[in-house]
Amino acid sequence: MTLILDPDDPAGWREAPTATSGSRLTEGLNPEQREAVEFRGQALLIVAGAGSGKTRVLTHRIASLIESREAWPSQILAITFTNKAAAEMRERVEALLGEGASGMWISTFHSACVRILRREAEAIGLSSTFTIYDSADQRTILKRIIKELDADTLGFTPANAQVKISKLKNELADVESYARNVNTNDPAEVMFLEIFRQYTRRLRDASALDFDDLISETVYLFRAFPKVASLYQRRFRHILVDEYQDTNHAQYALIRELTQPIPADRVVEMGEHGVNVRALTDASGGIPGASLTVVGDSDQSIYAFRGADIRNIVEFERDFPGAKVVLLEQNYRSTQNILSAANAVISNNFDRKEKKLWTADGDGDKITGYTGYTAHDEAQFVADEIEALHRSGVAYRDIAVFYRTNAQTRALEEIFVRSALPYRVVGGTKFYERAEIKDAMAYLIAVANPLDELALRRILNTPKRGIGPATETAIASFAEQNALTFRQAMRAADGLGLGPKVTAAITGLADLLDEAAAMLVPNAEAIAAGTNEGAAKVSDVLVFLVERSGLIDALRNSRDPQDETRAENVEELVAQTRDFDRENPGATLVDFLTQVSLVAAADELDDASGTVSLMTLHTAKGLEYHAVFLTGLEEGLLPHQMSASEPGGPAEERRLFYVGITRARKRLYLSLAMSRAQFGEVAVAMPSRYLQEIPEGLIDWKQSPGMATSRGGTQPRALNARRPGGAWGTRDRDLERYSVTKSAAPRAEWANRVTGTVRDNGDLTLEAGDRIRHVDFGEGRVTQVTGEGTKRIAHVSFDTAGQKKLLIKIAPIEKL
DNA sequence: GCTAGTAGGTTTTTT
DNA sequence: ACCTACTAGC
């Protein structure tokens with residue numbers, strides 16, 4: 001067990017606190033913001049509407065605590081949602097204080113927990129070099145377990161087992177507590193218990209933790225070892241948590257543990273062990289709990305699927321008696337038109353505290369709306385508008401395009417490439433998910449954590465060494481029979497009775513890994529001093545591994561043309577480790593692996609890049625742009641089909657829309673398509689129900705849903721017209737109840753009401769050879785007809801407009 | 001043990 | 001439409 005040596009212990013501070021007023025730090029703040037910066041007490045909840053300057057408040061609050069000498073930097077723990085937000089917050093605090101801001105912990109929940117767990121690993125029987133398993137790793141393991149247990153017969157899949165395990169861990173349930181509550185008469189529950197048990201055992205045997213473990217194991221650590229907890233309780237006197245509405249139960253419990261007071265008897269004991277406690281004790285001799293500041297907005301809670309519990313913020317005042325609540329409603333980001341749209345949309349969620357964003361900066365431009373015929377048409381609109389914005393002086397990096405699902409990037413990317421628009425997909429980065437990168441990483445992991453059987457099995461026959469599944473199983477059972485680890489069994493491959501070639505391949509790999517591990521040992525003085533001096537750099541070890549293992553040569557010499565790209569990717573990974581070594585002198589291999597494991601999508605954002613950013617609505621949280629495009633605003637996409645069956649689903653989808661709207665500073669564009677391809681099939685899409693919640697006067701439709709379909713069809717379908725029993729013609733049984741009751745009475749005075757009719761060509765039949773006329777594309781000849789029923793598509797070669805695919809049922813066409 | 005071809009599933013969001 | 005994972009044949 002390690003004691004934390006705190007170089008910045010306040011007891012060593014001798015000068016009297018200077019009475020510099022905080023005026024510099026509260027200057028230019030509104031009264032509520034100022035109150036949030038200046039409040040001193042155990043608990044503070046800042047209810048911060050979108051764009052209300054909460055980061056400013058948080059950074060000024062931290063700076064004010066430090067400047068007034070109420071706290072040392074090392075006594076601050078600030079939790080943010082992404083590493084990028086953490087880096088930004090650190091920068092801003094440093095800008096306020098100059099030097100003297102170092103020693104603060106500003107990080108994500110996961111990074112902070114890894115830091116604690118690596119330090120205290122021994123206490124809970126874990127190697128300090130434990131591996132962090134991502135969801136692909138989890139699935140690989142669950143797949144093996146389910147296969148071995150034949151659990152698929154009871155409906156278990158790696159995916160659903162993973163979701164279930166994650167949910168349990170977020171609720172701080174472990175195998176034992178689950179076992180106590182299991183219904184032994186239900187074979188599925190009994191089977192799941194076994195899956196959960198084996199999964200837990202395998203991770204433990206490999207000295208690995210999954211994402212959820214990082215939080216829950218830290219909580220267990222603190223609960224099982226109160227003395228360890230007290231070290232952190234003593235250290236962190238001021239804890240600040242951003243995006244509190246998206247914390248789950250485990251994260252809540254972690255915060256509770258960290259803010260517990262330390263009883264007097266333990267303080268005495270800590271003092272005897274050399275921990276400096278004098279300056280911190282209260283009248284009773286104990287150390288009071290740390291002060292807690294949380295910032296959140298329940299209207300922006302969008303991570304319920306990941307266990308985020310909105311109650312954490314709603315019930316904050318109950319959980320922390322005497323808590324002060326500050327409400328920030330003035331918005332400094334967006335125009336009033338954008339805010340009015342956001343307010344109107346979110347007010348349709350019941351069961352929320354009324355909150356209205358406002359700005360003193362004026363109405364601004366209207367929101368621009370557009371309805372495309374297809375996703376490509378929509379994408380073309382986005383591309384054209386971006387070009388127009390760019391011509392008017394808006395930089396590409398100030399423009400973002402949001403969507404609900406990652407699959408929607410395809411059409412956007414195709415058009416952007418064609419339009420030569422510089423763009424970047426944020427979070428779509430599958431770099432570390434590529435097989436060849438995972439292979440190379442597995443070599444590094446196997447070196448850092450020899451217990452990691454998953455990594456070893458991955459590289460066992462990569463590149464091909466003639467070690468097949470049979471041999472792999474032989475090594476595994478040899479290990480089990482002799483109580484060896486997989487790695488030890490590999491070293492002892494001579495005793496397996498395998499062929500000489502295979503045996504040499506196995507021991508050769510084991511030797512290679514041992515040699516790489518030896519490169520990473522620091523020199524003797526460095527070990528004594530706790531530094532990493534003398535250890536090989538990460539990039540050197542990686543180069544050694546990919547060259548000596550033959551991985552890179554196998555790719556370079558392959559006949560498969562794709563392997564050339566794969567080799568380049570591995571070289572790119574090497575380049576990344578070089579960057580890492582340069583930027584983090586003295587950092588270890590484990591540091592590199594941790595950093596790679598914990599990158600968030602938004603971390604990839606490069607503010608200096610001259611590109612348009614494409615990302616999901618989830619990734620967009622916390623960001624802001626001059627111009628924002630919200631695309632795919634269709635039923636089934638937003639709200640997403642899958643959300644309909646979940647309680648609270650449509651309300652959360654509305655919050656997602658709200659988050660998207662409030663990212664825009666000056667210009668907001670809302671777009672959708674009338675038809676969208678899914679699984680290669682084209683389907684008719686309906687406008688999102690949320691669109692009609694925006695008041696009429698706020699949107700300027702360049703092409704409204706009505707216009708896009710009002711080309712002489714026969715079936716009326718105004719944007720907000722109701723057909724009996726169906727809102728917008730969608731599955732009303734899936735709608736939220738209140739939404740259905742609301743829509744029972746059509747509101748003719750409503751907004752963006754667009755009179756018009758849906759184009760419906762009825763049972764118009766076309767076949768190859770037919771001549772047709774299209775409203776936009778003119779005359780052409782049908783070359784081919786594909787699809788069935790309402791999804792029949794005519795492939796048309798137009799005389800002037802070229803090749804097009806048209807949905808026969810709704811396309812504005814007529815047969816000649 | 002390796003490779004090529006096919007069948008089947010897939011798209012909700014992520015630390 | 002695409003990607004993965006299994007199977008048949010070498």
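Proteins get letters first, then strands, A, B, ... in listed order; numbering begins at 1 in each.
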Task: Phosphate OP1/OP2 of dT12(B): any Asn406(A) side-chain N/O under 4.0 Å - done: no
Open item on the list: Rounded to whole Å, how long is the line connecting atom NZ of Lys501(A) with atom P of dG1(B)?
Closed with: 12 Å
Open item on the list: Against Phe109(A), only a single residue in Thr80(A), Thr218(A), Asn248(A), Val241(A) fulfils side chain to side chain contact (heavy atoms under 4.5 Å, CB included); can you say which?
Closed with: Val241(A)
Task: Listed nucleotide nearest any side-chain atom of Tyr303(A), set dT12(B), dC2(C), dT14(B) - done: dT14(B)
- [ ] Please report, rounded to the nearest Å, how far the P atom of dT15(B) is from the CG atom of Asp309(A).
- [x] 20 Å
- [ ] Test for a donor-acceptor pair under 3.5 Å between the base of dT15(B) and the side chain of His110(A), counting only N and O atoms.
- [x] yes
TODO: Give the nucleotide from the list dT3(B), dT12(B), dT15(B) with an atom nearest to the side chain of His640(A).
DONE: dT12(B)
Open item on the list: Give me the distance, rounded to whole Å, that separates dT13(B) from dT4(C) when you measure between the P atoms they each carry.
Closed with: 16 Å
TODO: Answer yes or no: does a side-chain N or O of Ser643(A) lie under 4.0 Å from OP1 or OP2 of dT13(B)?
DONE: no
Task: Pair Phe81(A) and Tyr303(A), ring centroids less than 6.0 Å apart - done: yes
Open item on the list: Going by centres under 5.5 angstrom and planes under 30 degrees, do the aromatic ring of Phe109(A) and the base ring of dT15(B) stack?
Closed with: no
Task: Nearest-Å distance for atom pair CD/C1', residues Gln408(A) and dT10(B) - done: 15 Å
- [ ] Figure out the CG/C1' separation between Leu637(A) and dT12(B), and round it to whole Å.
- [x] 9 Å
Task: Residue Lys464(A), side-chain atoms from C-beta onward, closest of dT3(B), dT15(B), dT14(B) - done: dT3(B)
Open item on the list: Using whole Å, what does the distance between atom P of nucleotide dT12(B) and atom CD of Gln162(A) come to?
Closed with: 14 Å
- [ ] Would you tell me if any nitrogen or oxygen in the side chain of Thr616(A) comes within less than 4.0 Å of OP1 or OP2 on dT12(B)?
- [x] no
Open item on the list: Need to verify one output field. Residue with the more 5' nearest nucleotide on DNA chain B, Gly468(A) or His618(A)?
Closed with: Gly468(A)
Open item on the list: Below the 4.0 Å mark, does dT15(B) have OP1 or OP2 next to a side-chain nitrogen or oxygen of Asn170(A)?
Closed with: no
- [ ] Write down the distance separating the C1' atoms in dA5(C) and dT12(B), rounded off to the nearest Å.
- [x] 23 Å
- [ ] For Lys438(A), look at atom NZ and say whether over 12 heavy atoms of other residues, nucleotides or ligands are found less than 6.0 Å away.
- [x] yes
Task: First of Arg139(A) and Ala470(A) reached from the 5' end of DNA chain B, by closest nucleotide - done: Ala470(A)
Open item on the list: Going by salt bridge (charged side-chain N to carboxylate O under 4.0 Å, His left out), Lys169(A) matches just one of Asp213(A), Asp174(A), Asp212(A). Which one?
Closed with: Asp213(A)
Open item on the list: Categorize Asn461(A) for me: base, sugar-phosphate, or nothing, with a 4.0 angstrom heavy-atom threshold over every strand shown.
Closed with: sugar-phosphate
- [ ] Send over the distance from Phe211(A) CZ to dT14(B) P, rounded to a whole Å.
- [x] 12 Å
Open item on the list: Can a side-chain donor-acceptor contact be found between Tyr658(A) and Asn348(A) if the only test is distance below 3.5 angstrom?
Closed with: no
Open item on the list: Using every non-hydrogen atom in the two residues, find where Met490(A) and Ile506(A) come nearest and quote the distance to one decimal.
Closed with: O-CG2, 3.6 Å
Open item on the list: Nearest whole Å is fine: how far is dT13(B) P from Ile302(A) CD1?
Closed with: 13 Å
Open item on the list: Nearest to the side chain of Lys143(A), heavy atoms from C-beta on, is which of dG1(B), dC2(B), dA5(C)?
Closed with: dA5(C)
Task: Side-chain N or O of Thr471(A) closer than 4.0 Å to phosphate OP1/OP2 of dG1(B) - done: yes
TODO: Pick base, sugar-phosphate or nothing for Ala677(A), based on heavy-atom distances below 4.0 Å to the nucleic acid.
DONE: nothing
Task: Gln138(A) CD to dT15(B) P, straight-line distance once rounded to whole Å - done: 14 Å
